[in-house]
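For reference, the structure is listed below as structure tokens.
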Amino acid sequence: MHVVFNLAASLDAALQQAAVACGLPEASAFAPEVRTADPRHGDYQANGVLGFAKARKLNPRTVATQLVAVLSPAVCESFDFTVAGPGFINFTLRPAALRAWLDAHSSRDALARGGSAAAPVAGQTWVVDYSSPNTAKQMHVGHLRSAVIGEALARLLAFSGARVIRDNHIGDWGTQFGKIIWAYRRHLEEAAFARDPLEEFERLYKVGHAAAEADPAVLKEAQQELVKLQAGDPDNLAIWKKIGDSSLSAFQQIYDQLGIRFDHTLGESFYNDKVAQIYRELTDAGLATESQGALVVFHPEHPRFATQPFIIRKSDGAANYASTDLATVLYRVGHFHATGVLYVVDSRQRDHFDQLFLTVPKWFAHTGRTAPELKLVEFGTVTDAAGKPLKTKSGDNIKLKELLAEAEARAFALVGERSAELPEAERHAIAAVVGVGSVQYADLAQNRSSDYIFAWDKMISLDGNTAAYLLYAVARIHSIFRKLGLTPGGNATEAGASGLETPAELALARQLVKFPDALQAATTQLRPHFLCLYLYELAGTFSAFYNADKVAVDDAPVRARRLLLCARTLLILETGLDLLGLKTLQRM
RNA sequence: GCACCCGUAGCUCAAUUGGAUAGAGCGUCUGGCUACGAACCAGAAGGCUAGGGGUUCAAGUCCCUUCGGGUGCACCA
């Protein structure tokens with residue numbers, strides 16, 4: 001029996017063929033709309049007959065019955081189906097078809113081949129613009145979501161066959177550097193700098209900022225430092241470089257914990273010499289005009305941006321983030337040949353990106369270029385229980401370094417409770433995976449658009465839709481194989497497996513074959529929570545199976561088929577968690 | 001003032017973009033370890049989807065409106 005990776009998509013195609021075969025009027029306009037179904041109704045359901053029939057004054061049930069009568073032999077072999085309700089077609093996979101899918105998808109490579117076979121992004125080049133902190137400041141909780149969500153999306157796109165370019169668009173060219181350099185020259189504490197350069201730069205910024213606030217003469221001096229820096233003064237450039245280097249190495253420690261590795265770190269300074277071309281082209285195209293001394297773009301067709309300007313050059317002649325973001329688009333198209341760009345940013349920047357996305361197509365059209373697809377992947381704010389932006393008690397931003405350290409400490413305490421018998425070094429290693437994974441997963445599991453309430457108890461919790469629950473399922477499966485001295489997915493382990501039979505076995509197999517749907521939903525909609533939800537349900541279905549049917553039974557064919565289910569569950573859980581950016585464990 | 005986002009069980013969140021009886025977890029209650037990890041499982045209770053109107057075979061989802069919350073709006077990104 002031949003089975004494809006994405007069964008829903010294959011049913012969709014089969015129904016379209018059937019529409020032609022049974023001579024439906026306007027058959028080419030028929031969209032079957034096959035989706036995974038509530039288990040009460042089967043494995044997949046086609047909803048499209050209703051709308052199609054209604055619009056042509058046909059009886060939906062009659063149309064559905066006609067379609068079903070001419071379904072291809074391949075579909076009939078794999079599925080049972082019925083016409084139900086007002087005109088739904090329900091499909092239920094036969095056990096042999098479930099088994100065939102599981103046999104055909106026994107490795108990560110097989111899953112990846114399936115995932116990229118029909119994916120729209122396969123072969124395309126996508127730049128993912130995420131994380132993007134400012135230098136001279138430590139990363140704080142506000143930087144968490146972009147990093148975590150961006151990394152997951154980058155992995156998902158790559159798994160679907162896209163060429164992915166991870167670009168950390170750091171803020172390394174702002175006005176803050178004048179104040180830092182001013183303070184660096186006067187108030188640097190060598191010992192503190194040696195201990196943690198970034199913390200010292202952060203302190204120097206506060207010193208410089210306060211001094212400039214208090215004394216206009218200082219402000220002037222700081223501005224002079226900035227002018228010197230921008231004019232290429234070697235001393236100031238050296239200080240600026242030092243700030244950048246120490247910032248990047250501090251960022252890298254966080255990225256290492258989160259499993260993030262960028263291909264490029266091209267910050268605002270990189271585009272410093274590329275903005276003049278932007279001013280010129282936008283002006284020549286008639287898009288940019290002078291207003292109140294600034295160079296701005298209006299969009300007359302838009303209700304708000306007809307009057308709310310997109311400022312691409314400040315009235316003092318300096319670039320701002322609109323200038324550099326425009327230059328960045330051009331670079332990514334010209335240099336990386338990007339099909340599109342994902343901007344993983346806080347939803348408060350919506351206006352800016354709406355304006356950017358309105359400007360780029362007009363600009364590219366005027367200059368005879370093909371505009372890339374620009375997509376805003378926006379996310380809500382991280383808040384406390386009261387719904388206010390998360391801060392420390394003293395009102396500062398919570399440092400990411402400290403947040404991750406606390407997550408590990410909480411996980412370590414938990415591992416001590418549950419698995420005191422493991423060596424301490426292993427407990428620490430486990431705590432690192434569980435702690436950081438919990439933070440990542442709690443963020444990813446929720447629909448990114450909404451604000452996100454940060455709560456340790458919910459996050460590090462052992463049950464519910466959490467990282468620990470999923471990691472536990474993974475560890476338990478590894479444990480089965482370890483006890484039996486077998487390798488997951490090994491040919492010998494699964495040889496002679498009999499057909500799937502018990503309700504728990506079948507339920508687990510049904511859940512496994514729906515991985516492609518979750519993968520597709522998460523990737524095309526750029527919403528990792530669809531994958532999280534799926535993996536959580538898979539882990540739950542596995543636990544039910546594990547409780548209902550003993551794996552290590554004496555009956556060899558039964559044991560082999562249950563080991564096969566264990567191995568596929570493990571494969572999909574580990575693949576899925578890896579796509580989300582989480583590490584997994586063999587013991588915990 | 002203008003614009004955008006949001007309001008789902010006591011709490012935290014889903015609902016495959018208009019599909020069938022709105023689902024999970026936490027908390028509460030009842031059961032299950034001399035079987036492979038109980039960090040688990042089986043079950044119960046809990047809802048006028050903020051209120052009102054509309055669109056259609058079908059609305060938590062789309063349109064209008066009221067109320068409540070959040071965010072953005074001339075040079076910080």
Side-chain angles (χ1 to χ4, degrees), chain A residues 8 33 35-38 40-41 45 47-48 50-51 53-54 60 84-88 90 132 134 169 171 173-176 268 291-296 302-305 307-316 318 320-322 324-325 345-352 354 378 380-381 383 385 387 414-415 417-419 434 445-447 449-453 455 457-458 461-466 468-469 471-473 475-484 517-518 520-522 524-525 527 529-530 532-534 536-537 540 543-548 550-553 562 566 587-588:
Chain A
E33 293 181 39
R35 295 169 194 174
T36 56
D38 185 308
R40 285 186 297 246
H41 302 124
Q45 60 181 36
N47 299 334
L50 285 158
K54 177 70 189 165
F88 299 108
N90 292 335
S132 309
N134 291 330
H169 192 73
W173 200 247
T175 46
Q176 72 270 32
E268 285 161 358
S291 173
Q292 300 178 26
L295 191 62
V296 307
H302 192 276
R304 210 150 20 96
F305 303 136
T307 52
Q308 181 179 321
F310 187 47
I311 299 171
I312 65 166
R313 188 182 62 207
K314 299 196 290 179
S315 55
D316 65 3
N320 65 357
Y321 76 142
T324 49
D325 277 351
V345 296
D346 190 300
S347 56
R348 279 174 295 196
Q349 297 188 49
R350 175 96 180 250
D351 276 5
H352 167 75
D354 282 350
E378 61 181 341
T381 311
T383 75
L414 203 65
V415 176
E417 275 173 40
R418 307 285 169 166
S419 304
V434 174
Q446 184 168 330
N447 188 335
S449 308
S450 37
D451 286 352
Y452 158 50
I453 299 177
D457 292 341
K458 187 179 77 176
S461 166
L462 311 168
D463 31 29
N465 189 5
T466 61
Y469 181 83
L471 292 171
Y472 178 65
R476 219 157 48 159
I477 298 172
H478 274 296
S479 176
I480 294 168
F481 285 98
R482 190 163 55 237
K483 286 253 162 62
L484 295 170
D517 301 284
Q520 189 180 36
T524 59
Q525 297 176 52
R527 293 186 187 275
H529 80 280
F530 287 118
C532 294
L533 186 67
Y534 167 80
Y536 171 58
E537 285 173 353
S543 289
F545 158 78
Y546 180 87
N547 263 268
K550 184 172 162 67
V551 175
V553 292
R562 291 185 181 163
C566 288
R587 293 199 296 186
M588 66 185 278

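A note on names: the letters A, B, ... follow the listed sequences, proteins ahead of strands, and every chain is numbered from 1. All values below were derived from every heavy atom in this structure, side-chain atoms included, with hydrogens, water molecules and symmetry-related copies excluded. Keep in mind it's a predicted model, so treat the numbers as computed, not measured.
- Contacts of A:D354 with the nucleic acid, taken as non-hydrogen atoms under 4.0 Å apart, are absent.
- Rounded to whole Å, the P atom of B:C40 lies 8 Å from the corresponding atom of B:C26.
- The residue A:H352 sits apart from the nucleic acid: no heavy atom pair falls under 4.0 Å.
- At the heavy-atom level, A:S479 lies under 4.0 Å from base atoms of the strands shown.
- In B:U66 the base sits anti relative to the sugar, since the glycosidic angle is further than 90° from 0.
- If you take atom C1' in B:G51 and the same atom in B:U12, they sit 24 Å apart, rounded to whole Å.
- For the P atoms, the distance from B:G7 to B:A15 is 11 Å, rounded to whole Å.
- Across all strands, A:F530 comes closer than 4.0 Å only to sugar-phosphate atoms, never to a base (heavy-atom distances).
- Between A:Y452 and A:T324, it is A:Y452 whose nearest contact on RNA chain B lies nearer the 5' terminus.
- Look at A:Y534 and you won't find any side-chain N or O under 4.0 angstrom from OP1 or OP2 of B:A15.
- Counted by atom type alone, A:H302 and A:D354 present zero donor-acceptor pairs between their side chains at under 3.5 Å.
- Among all heavy-atom pairs drawn from A:H529 and A:N447, the shortest one is ND1-CA, 3.7 Å.
- Heavy atoms of A:S419 sit under 4.0 angstrom from at least one base atom.
- If you check B:C73, B:C5, B:U17 against the side chain of A:Q308, the one that comes closest is B:C73.
- The residue A:L533 sits close only to the backbone: its heavy atoms come under 4.0 Å of sugar-phosphate atoms, none of a base.
- Across all strands shown, A:K458 has heavy atoms under 4.0 Å from sugar-phosphate atoms exclusively, and none from any base.
- The A:R304 side chain lies nearest to B:G72 when the options are B:A77, B:G72, B:G70.
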